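Structure first, then comments.
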Amino acid sequence: MDASTGFDPWSPRFVADPYPGYERLRAAGRVHWFEPSGQWLVPHYEDARALLRDRRLGRTYLHRFSHEEFGRTPPPAAHEPFHVLNGNGLLDLEPPDHTRIRRLVSKAFTARTVENLAPVVARLASGLVDELLAQGGGDLIGAVAEPLPVAVIAEMLGIPEADRTLLRPWSAAICGMYELNPGEETARGAVRASLDFSAYLRELIADRRARPGDDLITALVHAYDEGDRLTEQEMVSMCVLLLNAGHEATVNTTGNGWWALFRHPDQLAALRADPGLLPGAVEELMRYDTPLQLFERWVLDDIEIAGTALPRGSEVALLFGSANRDPARFPDPDRLDVTRADNPHLSLGAGIHYCLGAPLARLELAASFGELLRRAPRLRLTAEPQWKPGFVIRGLRELLVEC
């Protein structure tokens, strides 16, 4: 723990409400060395926003340096399956590979493509809400928040419905490695999931090569076969990233968002009274309690923040949750306001790593919130929820409701 601010990302109490700690961090300065994770913490909005766009930093350093040249110890050989899978994903690549792969995959996430998905997303959301209503309630996360993005991304990729139950456990195991200082048990689980997920996708890619379909995996296969320099490993890593990001971000935004609305009944009432507020409300819910609390970047060339030198080889932790509550950018930032208009939150990132699936995430969130607001006007919480132990990707274990 940082004794001066109370920043303690492994504490259940801090995970449940990190915002007072963020306020102390912002008041104490613009950059803080955090010894337990070996990172520089950046809590202010303008600094985080600028560093997301600063090409002196990167998500990886291996495009320019070896581990030894960068002053870092290589990961254990036993962890290699995870690092190969993760390191070839779009989120952890830098140009020119990032530029090449994003250009290929972005065709699947254009505004027109996402608009064409709207009827599918609406149908899936409606069916899930049907089931929740028929049961009179239950766990909103397990019943609606989790299955919707899984089904949508799986439909896009062309993953058979019978196989979709495999995806969430693999995703959860892999995402455990994104937490600060993950333990060896977490690493073993991530390695197993990386091997199993990769083997499954390689079989699916081989099937699509032999029997093309109308899906994203087929499109990626064609890009590979037509010499557009997309390797099979890059295809596998891209599919895993899409599934992981689609699960974690949308699931936790839904859970965190409803928990925020239940604690602010005036805002929930305003949203129920005026469905036209929904697009802005989705943005406000992402800002108010973002699932992605921390985003890491490496210092590739020396930088300085407020007179503090951060040499090459340093790791920076951009605190999105703190930046989104920075009063220097957001008036009355601790107030949930579904009518907030000027809302450039950082929950979806910025710069070249801005979330590729942002339009799809917004579509899914609007569909599920809209269905529940319209069809479950008496939806209410039946038990105070508990938070999962993760801090970097922060979300609830369950959200028990009655319709």
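Note that the structure is predicted; figures quoted are calculated from it, not measured.
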| request: Determine the minimum heavy-atom distance between Ala154 and Leu243, stating which atoms define it. | output: N-CD2, 4.4 Å

| query | Regarding Arg325 and the six-membered ring of Tyr288, is the cationic atom NZ or CZ under 6.0 Å from the ring centre and inside 45° of its axis? | reply | yes

| Side chain of His32, backbone of Leu25: donor and acceptor closer than 3.5 Å? | yes

| query | Do the two ring centres, one from Tyr19 and one from Tyr22, sit under 6.0 Å apart? | reply | yes

| note | So CG of Leu346 and CZ of Arg287: to nearest 0.5 Å the spacing works out to 11.5 Å

| note | The reported gap from CG in Asn324 to OG in Ser347 (rounded to nearest 0.5 angstrom) is 4.0 Å

| said: Please determine whether a side-chain nitrogen of the Lys or Arg among Asp302 and Arg56 lies less than 4.0 Å from a carboxylate oxygen of the Asp or Glu. | reply: no

| task | Answer yes when Glu146 and Arg168 have at least one side-chain N-carboxylate O distance shorter than 4.0 Å, and no when they do not. | result | yes

| Are Leu242 and Leu216 close enough, and set up right, to give a side chain to side chain contact (heavy atoms under 4.5 Å, CB included), and what steps lead you there? | CA-CA 11 Å; Leu242 290 173; Leu216 182 54; 3.6 Å; yes

| said: What I'd like to find out is whether the side chain of Phe7 reaches to under 4.5 Å of the side chain of Leu41, using heavy atoms alone. | reply: yes

| message | For Tyr61 together with His67, are the ring centres under 6.0 Å from each other? | response | yes

| Mutual orientation of the aromatic rings belonging to Trp10 and Phe34 [parallel < 30°, tilted 30-60°, perpendicular > 60°] | parallel

Donor-acceptor pairs under 3.5 Å, side chain of residues 390-403 to any protein atom, not counting sequence neighbours: which ones?
residue : atom : partner : partner atom : Å
Arg394  : NE   : Val15   : O            : 2.5
Arg394  : NH1  : Asp289  : OD1          : 2.5
Arg394  : NH2  : Val15   : O            : 3.2
Arg394  : NH2  : Ala16   : O            : 3.2
Arg397  : NE   : Trp387  : O            : 3.4
Glu402  : OE1  : Arg380  : NE           : 3.1
Glu402  : OE1  : Arg380  : NH2          : 2.9

| query | Mind checking whether Phe295 and His353 have parallel, tilted or perpendicular rings, split at 30° and 60°? | reply | tilted

| request: Please determine if Asp332 and Arg335 form a salt bridge, counting it only when a charged side-chain N lies under 4.0 Å from a carboxylate O. | output: yes

| What's the spacing between Ser106 OG and Ile101 CD1 if we round to 0.5 Å? | 11.5 Å

| field | Candidates Arg55, Arg64, Arg59 - the one meeting salt bridge (charged side-chain N to carboxylate O under 4.0 Å, His left out) with Glu94 | value | Arg55

| Under 4.5 Å between any side-chain heavy atoms of Thr290 and Thr253, yes or no? | no

| query | Salt bridge between Arg329 and Asp326, side-chain N to carboxylate O under 4.0 Å? | reply | no

| query | Does a salt bridge link Arg312 with Asp301, judged by any charged N lying under 4.0 Å from a carboxylate O? | reply | no

| field | Verdict with reasoning, Glu315 to Arg297, per salt bridge (charged side-chain N to carboxylate O under 4.0 Å, His left out) | value | CA-CA 6 Å; Glu315 191 174 25; Arg297 300 197 75 199; over 6 Å; no

| Quick one: does Arg164's side chain get under 4.5 Å of Ile159's, heavy atoms only? | yes

| task | Starting from the C-alpha separation in whole Å, work towards a yes-or-no answer on salt bridge (charged side-chain N to carboxylate O under 4.0 Å, His left out) for Glu283 and Arg340. | result | CA-CA 9 Å; Glu283 301 301 317; Arg340 191 182 295 269; over 6 Å; no

| task | If the plane angle is over 60° it's perpendicular, under 30° parallel, otherwise tilted; pick one for Trp258 and Phe262. | result | tilted

| Nearest-0.5 Å distance, CZ of residue Arg102 to OH of residue Tyr354 | 9.5 Å

| query | Once you round to the nearest 0.5 Å, how far does CZ of Arg272 lie from CG of Leu277? | reply | 13.5 Å

